[in-house]
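A short write-up of the structure that comes next.
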Amino acid sequence: MKFHRYLAVILASLATFGCATKFAYNNIDWFIISYIEDLVPLNSVQESELENRLQDLQQWHKSTQLPLYIQQINNIQQQKRQSITADFIQQQGDEIRTHIRTIVTEFSPDIYALSLQLSPEQDQEFLENFRAKQKEYYDERLSLDDKEAREFYSERVRKRVERWLGDISSEQETIIKNWANEWVNTNPDWHQYQKNTYQAVSDLVEKKVDLPFVQVTTMQLLLNNESYYPETLPDKLKKNSAISAKHLMFIAQSSSENQWQYFMDELGTLKSTLIDLQK
């Protein structure tokens with residue numbers, strides 16, 4: 001099950017869309033339905049019911065979740081750059097993950113209801129498209145050798161840092177390089193996770209008539225996807241979280257006055273956007 005995460009990330013991370021944020025947010029039902037139909041084409045009844053539910057979800061999100069994001073931004077804005085600690089950064093990451101889990105929890109019953117409405121033909125098409133998207137991700141990311149994976153990771157980190165600080169210094173380039181070298185490569189673990197989740201989705205399609213099994217497995221995929229992690233992955237993720245927090249602290253503490261002001265300006269723009277989205 002992948003589209004629930006797409007929904008959660010769009011709703012919880014709209015900051016990156018800049019001027020298009022309000023348009024994307026106000027048309028979230030269209031974006032989500034388009035994504036779902038890349039996995040499984042819906043009939044008119046299914047699409048209408050999903051659209052109505054997404055509109056309800058957006059109103060719930062607007063009234064209950066946007067204020068939490070604004071509160072988190074306020075907390076970050078109160079920090080001085082030299083007082084930023086790795087623990088504080090990890091706390092922010094934990095809050096974001098909580099935001100996403102809250103959205104998934106709210107929408108999970110609707111995903112379950114939609115899955116029960118799919119015909120056998122739709123189930124098979126979903127399974128095939130799910131597998132195709134997994135393969136696409138594997139080919140683009142998970143099949144990289146260790147050197148390529150670290151280069152990819154380093155470039156992704158650099159772009160994200162530039163997103164919030166603007167141009168970065170040679171010292172910060174070195175921090176990012178050290179970060180990528182220290183990063184624990186989890187690509188093989190995520191590939192095994194792909195296999196585990198594909199098997200679970202295959203079982204759902206095969207045992208569709210067993211409603212207790214379908215309900216338990218669907219909710220497990222949506223709300224407890226960590227249960228499909230290979231044994232080695234949780235510890236690696238924990239290590240990477242600590243590594244990321246440490247190097248982000250180094251980047252924050254090495255930032256110039258101009259960079260820190262750039263960051264504060266970006267946070268202010270984001271907060272203004274979220275306030276506007278509440279209207």
Side-chain angles (χ1 to χ4, degrees), residues 1-66 68-69 96-97 99-138 140-141 194 197-198 200-202 204-205 208 211 214-215 217-225 270 273-274 276-279:
M1 310 304 254
K2 194 175 179 180
F3 46 79
H4 74 287
R5 291 195 169 276
Y6 177 80
L7 166 69
V9 169
I10 280 187
L11 289 172
S13 308
L14 279 168
T16 58
F17 292 110
C19 295
T21 300
K22 190 167 185 178
F23 174 82
Y25 192 84
N26 290 336
N27 293 276
I28 192 70
D29 54 341
W30 183 86
F31 285 103
I32 298 302
I33 290 173
S34 295
Y35 180 83
I36 289 176
E37 290 200 319
D38 281 343
L39 286 167
V40 53
L42 304 176
N43 62 41
S44 58
V45 174
Q46 292 165 342
E47 184 174 328
S48 178
E49 290 182 1
L50 181 59
E51 183 177 4
N52 290 337
R53 178 53 188 145
L54 284 169
Q55 290 173 354
D56 291 341
L57 183 71
Q58 185 192 49
Q59 291 305 311
W60 163 83
H61 185 266
K62 184 180 294 188
S63 62
T64 68
Q65 301 306 296
L66 292 184
L68 298 179
Y69 306 165
I96 291 171
R97 283 185 285 273
H99 296 328
I100 292 175
R101 178 168 288 277
T102 300
I103 298 169
V104 174
T105 301
E106 181 72 15
F107 196 48
S108 289
D110 301 283
I111 296 296
Y112 172 64
L114 176 63
S115 71
L116 294 181
Q117 296 172 18
L118 299 181
S119 67
E121 292 76 19
Q122 286 177 308
D123 283 335
Q124 287 299 325
E125 188 161 5
F126 172 78
L127 188 60
E128 291 171 8
N129 290 333
F130 182 78
R131 183 62 166 173
K133 286 187 176 292
Q134 282 192 326
K135 184 178 185 305
E136 181 181 346
Y137 186 73
Y138 174 79
E140 290 179 357
R141 293 277 300 276
Q194 281 191 332
T197 53
Y198 180 76
V201 173
S202 298
L204 279 176
V205 171
K208 187 73 172 282
L211 290 183
V214 170
Q215 182 176 26
T217 305
T218 300
M219 291 305 169
Q220 182 113 330
L221 283 163
L222 292 171
L223 301 177
N224 189 27
N225 64 306
L270 170 56
T273 300
L274 295 178
D276 190 42
L277 287 173
Q278 291 181 293
K279 299 176 181 177

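Owing to the predicted nature of the structure, the values given are computational and were not obtained by experimental measurement.
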- request: Hey, could you give me the CG/CG distance between Leu57 and Asn52, rounded to the nearest 0.5 Å?
  value: 12.5 Å
query: Are Leu277 and Lys62 side-chain neighbours, meaning at least one heavy-atom pair lies under 4.5 Å?
result: no
- prompt: Are the side chains of Gln134 and Phe130 in touch, meaning some heavy atoms are under 4.5 Å apart?
  reply: yes
Closest approach of Pro109 to Glu106 (non-hydrogen atoms, all atoms of both residues): CD-O, 3.6 Å
message: If you define the side chain from C-beta out and look only at heavy atoms, does anything of Leu116 sit under 4.5 Å from Leu211?
response: yes
- request: First locate atom CD of Gln220, then atom CD of Gln215, and finally report the distance between them rounded to the nearest 0.5 Å.
  value: 12.5 Å
message: Could you check whether Phe107 and His61 have their ring centres less than 6.0 Å apart?
response: no
field: Thr218 side, atom OG1; Ile111 side, atom CD1 - distance, nearest 0.5 Å
entry: 10.0 Å
query: Looking only at heavy atoms, which two atoms of Leu42 and Glu37 are closest? And how far apart?
result: N-OE2, 3.2 Å
- request: Return yes if some donor-acceptor pair links the side-chain N/O of Gln122 with the main-chain N/O of Pro41 below 3.5 Å, else return no.
  value: yes
query: Under the side chain to side chain contact (heavy atoms under 4.5 Å, CB included) criterion, do Leu270 and Tyr69 qualify, and how do the steps go?
result: CA-CA 10 Å; Leu270 170 56; Tyr69 306 165; over 6 Å; no
- prompt: Leu221 versus Thr197: any side-chain heavy-atom pair under 4.5 Å?
  reply: yes
- prompt: With side chains defined as the heavy atoms from C-beta onward, is the minimum distance between Leu223 and Val104 less than 4.5 Å?
  reply: yes
query: Between the main-chain N or O of Ile103 and the side-chain N or O of Gln65, is there a donor-acceptor pair closer than 3.5 Å?
result: no
field: Chi angles and distances behind the side chain to side chain contact (heavy atoms under 4.5 Å, CB included) call for Tyr35, Ile32
entry: CA-CA 5 Å; Tyr35 180 83; Ile32 298 302; 5.6 Å; no
field: Asp123 to Ser115 - nearest heavy-atom pair and separation
entry: OD1-O, 4.4 Å
- prompt: Between Gln46 and Leu114, what is the shortest heavy-atom contact and its length?
  reply: CB-CD1, 4.3 Å
query: Do Asp110 and Glu49 have side chains that get closer than 4.5 Å, going by heavy atoms?
result: no
- prompt: Rounded to the nearest 0.5 Å, how far apart are CD of Gln55 and CG of Leu50?
  reply: 10.0 Å
- request: Spell out, as yes or no, whether a donor-acceptor pair under 3.5 Å connects the side chain of Ser63 to the backbone of Gln59.
  value: yes
- prompt: Quick one: are Arg53 and Asp56 in side-chain contact, heavy atoms under 4.5 Å?
  reply: yes
Verdict with reasoning, Lys208 to Leu118, per side chain to side chain contact (heavy atoms under 4.5 Å, CB included): CA-CA 10 Å; Lys208 187 73 172 282; Leu118 299 181; 4.2 Å; yes
field: Heavy-atom closest pair, residues Ile33 and Leu54
entry: CG1-CD1, 3.9 Å
- request: Locate the shortest heavy-atom distance separating Ser202 from Leu127; write the atom from each residue and the value.
  value: OG-CD1, 3.6 Å
- request: Could you list the residues that satisfy salt bridge (Lys or Arg N to Asp or Glu O under 4.0 Å) with Asp276, not counting sequence neighbours?
  value: Lys22, Lys279
